[in-house]
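Order of appearance sets the numbers: ligands from 1, and atoms from 1 within every ligand.
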Amino acid sequence: MAGALDGQVAVVTGASRGIGRACALELARHGAQVVVNYVANADAAEETRDAIHELGGTVVLVKADVSDAEAASDLIETAVEELGKVDILVNNAGINRDRTLSRLSVEEWDEVIGTNLSGMFYCTRAAVPHMREANYGRIINISSVIGQMGNIGQANYGATKAGMIGFTKTAARELARNNITVNAVCPGFVSTEMVTALPENIQDNIKAQIPLGRFGEPEEIAAVVRFLCTEGSWFTGAQLSPNGGQYM
Ligand code: NAD
C-alpha cells in the first residue's frame with residue numbers, strides 16, 4: 001500500500017464509529033498509521049481496527065476519555081510510544097445534549113463543554129510539543145455548521161463548535177512558525193447516529209433546509225480531512241464547510 005501519507009502517524013479521537021471511523025479509514029487508505037481512540041465501545045473500535053487491517057494498514061487502539069486531561073495526555077503519549085510520533089491529530093470526539101435554554105442543565109452544559117471543547121484542548125496541548133520537535137503537524141478540529149449558524153436547542157453544542165473555530169484560528173497563528181497547520185472542518189448534517197437518532201419529521205425538516213437535499217456521508221467529511229493532510233499545505237486557520245449548501 002503506497003500512499004501520500006506513508007510514514008505518517010495520525011491520532012483520531014472518537015474513531016470507533018461515524019465521522020471519526022471514516023477519517024481513520026481514509027487516512028489509513030492513504031498510508032498513515034492510525035491511532036483509533038475510543039471511550040466505551042470496544043466492539044466498534046475493534047471493528048474499525050479490523051477494517052484498517054483489511055486495507056493493509058497499521059492501527060493501534062487506545063481507550064481514553066478525552067474530557068479527562070490526564071487521559072488525553074496518555075492517549076498522545078501512547079501514540080508516540082507505539083508509533084514514534086504524531087503527525088496528524090483529528091479532534092473528532094464530540095457529544096450533544098440538546099435542550100432549549102430554559103431547560104438546559106448545568107450538568108448538560110459542562111458535559112458538552114468538557115468533551116467537545118476541553119477535549120480538543122487537552123489532546124492538542126499534549127500533541128503540540130511532539131509536532132514542534134518534528135517541525136511538522138496537521139491539526140484538524142471537527143467543528144460543525146451549528147457553530148457557524150446556531151440552532152434551537154443546541155446552545156451548549158453550538159458554543160463548543162464556535163469555540164473550536166476561535167481556538168483553531170488562534171492555534172493556527174501561534175503554531176505556523178513550527179510548520180504546524182490548524183484547521184476546522186465544519187460539517188453540516190451527516191448520516192451518523194448523532195443525526196439518525198433524531199425523529200423522522202425533524203430529519204425531514206432539516207433536509208428541506210439543505211440545497212443539495214440530503215445529509216452528508218461520513219466519507220465526504222473524511223475526504224476533506226484527508227485533503228488537508230495530503231494537499232492542504234497552505235491552509236491554516238481555515239474553516240472548510242462541507243454542508244450541502246445549508247450555510248454559505
Ligand atoms: P458519533 O456520535 O457517531 O461519534 C462520536 C464519537 O465520539 C463516538 O465514537 C464517541 O464514542 C466518541 N466520544 C464521545 N465522547 C468521547 C470522549 N469523552 N472521549 C473520546 N471519545 C468520545 O457522531 P459523529 O456524527 O460521528 O460525530 C463526530 C464529530 O463530528 C463530533 O465532534 C460531532 O460534533 C461532529 N459533527 C457531526 C455532525 C453530524 O451531523 N453527524 C455534524 C457536524 C459535526
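At a cut-off of 3.5 Å, with distance as the only test, a side-chain donor of S241 or Q148 sits close to an acceptor on the other residue. In this model, no donor atom of one side chain and acceptor atom of the other lie less than 3.5 Å apart for N41 and D43. Using modelled atom types and a 3.5 Å distance limit, the side chains of T124 and N91 yield a donor-acceptor pair.
Shown here for L61 and Y38, the closest heavy-atom pair between the two residues is CB-CE2, 4.3 Å.
Here the heavy atom of the protein found nearest to atom 21 (N) of ligand 1 is A93 CB, 3.5 Å. Looking only at heavy atoms of the protein, atom 27 (O) of ligand 1 is closest to M194 CE, 4.1 Å. P187 O, 3.3 Å is the protein heavy atom nearest to atom 43 (C) of ligand 1. With hydrogens left out, the protein atom closest to atom 2 (O) of ligand 1 is R17 NH2, 2.7 Å, a heavy atom. The nearest heavy-atom contact from the protein to atom 12 (C) of ligand 1 is G14 CA, 3.6 Å. Scanning all protein heavy atoms for the shortest distance to atom 37 (C) of ligand 1 gives I19 CD1, 3.7 Å.
Between V39 and ligand 1, not a single N/O pair is under 3.5 Å apart.
Heavy-atom distances between K161 and ligand 1 reach below 4.0 Å in at least one pair. Remark: distances from the non-hydrogen atoms of G119 to ligand 1 are all 4.0 Å or more. Heavy-atom separations between Y157 and ligand 1 include at least one value shorter than 4.0 Å.
Side-chain N or O atoms of D65 include one that pairs as donor or acceptor with a backbone N or O of S67 at under 3.5 Å. A donor-acceptor distance shorter than 3.5 angstrom exists from the side chain of T168 to the backbone of M164, with no hydrogens or angles considered. At least one donor-acceptor pair closer than 3.5 Å links the side chain of T236 to the backbone N or O of V182. In terms of modelled atom types and a separation under 3.5 Å, the side chain of N92 and the main chain of V12 share no donor-acceptor contact.
Both the backbone and the side chain of V66 come within 4.0 Å of ligand 1, counting heavy atoms alone. At a heavy-atom cutoff of 4.0 Å, ligand 1 is contacted by the side chain of I95 but not by its backbone. The proximity of T115 to ligand 1, defined as any non-hydrogen pair under 4.0 Å, is limited to the side chain. At a heavy-atom distance under 4.0 Å, only side-chain atoms of T192, from C-beta outward, approach ligand 1. Contacts between N37 and ligand 1, counted as non-hydrogen atom pairs separated by less than 4.0 Å, involve the side chain only.
Comparing V12, N243, D65 against atom 17 (C) of ligand 1, the shortest heavy-atom distance belongs to D65. Of the candidates G188, S144, A64, S143, G188 brings a heavy atom nearest to atom 38 (C) of ligand 1. Taking all heavy atoms of V112, V90, I142 into account, the minimum distance to atom 35 (C) of ligand 1 is reached by I142. Proximity annotation for atom 39 (C) of ligand 1: of N41, V62, V190, V190 comes nearest, heavy atoms only.
Of all atoms in ligand 1, listed by their number and element, those nearer than 4.0 Å to a heavy atom of N92 are 28 (C), 29 (C), 30 (O), 31 (C), 32 (O). Interface of G94 with ligand 1, defined as ligand atoms under 4.0 Å from a residue heavy atom, comprises 5 (C), 7 (O), 14 (C), 31 (C), 32 (O). Within the listing of ligand 1, atoms 9 (O) sit less than 4.0 angstrom from a heavy atom of S16. Atoms of ligand 1 found under 4.0 Å from any heavy atom of V195, numbered from 1 in the order shown, are 39 (C), 40 (O), 41 (N). Proximity to F189 (heavy-atom distance under 4.0 Å) selects the following atoms of ligand 1: 40 (O).
Evaluation of the salt bridge (charged side-chain N to carboxylate O under 4.0 Å, His left out) test over residues 132-158, restricted to residues two or more places apart or in two chains, returns none.
More than 12 heavy atoms of other residues, nucleotides or ligands lie within 6.0 Å of CD in E231, so this atom counts as buried by the packing criterion.
The side-chain contact (heavy atoms from CB on, under 4.5 Å) test with T13 is passed by exactly one of V39, I142, L75, V90: L75. Among T100, T160, D98, the one residue that satisfies the side-chain hydrogen bond (donor to acceptor under 3.5 Å, both in side chains) test with Q154 is D98.
Of the charged side-chain nitrogens involved, at least one lies within less than 4.0 Å of a carboxylate oxygen, so that E220 and R214 count as a salt-bridged pair. Looking at E47 and R17, no side-chain N of the basic residue comes within less than 4.0 Å of a carboxylate O on the acidic one, giving no salt bridge. A salt bridge does not link E108 to R103: none of the charged side-chain nitrogens sits closer than 4.0 Å to a carboxylate oxygen.
Protein heavy atoms all stay at least 4.0 Å away from atom 10 (C) of ligand 1.
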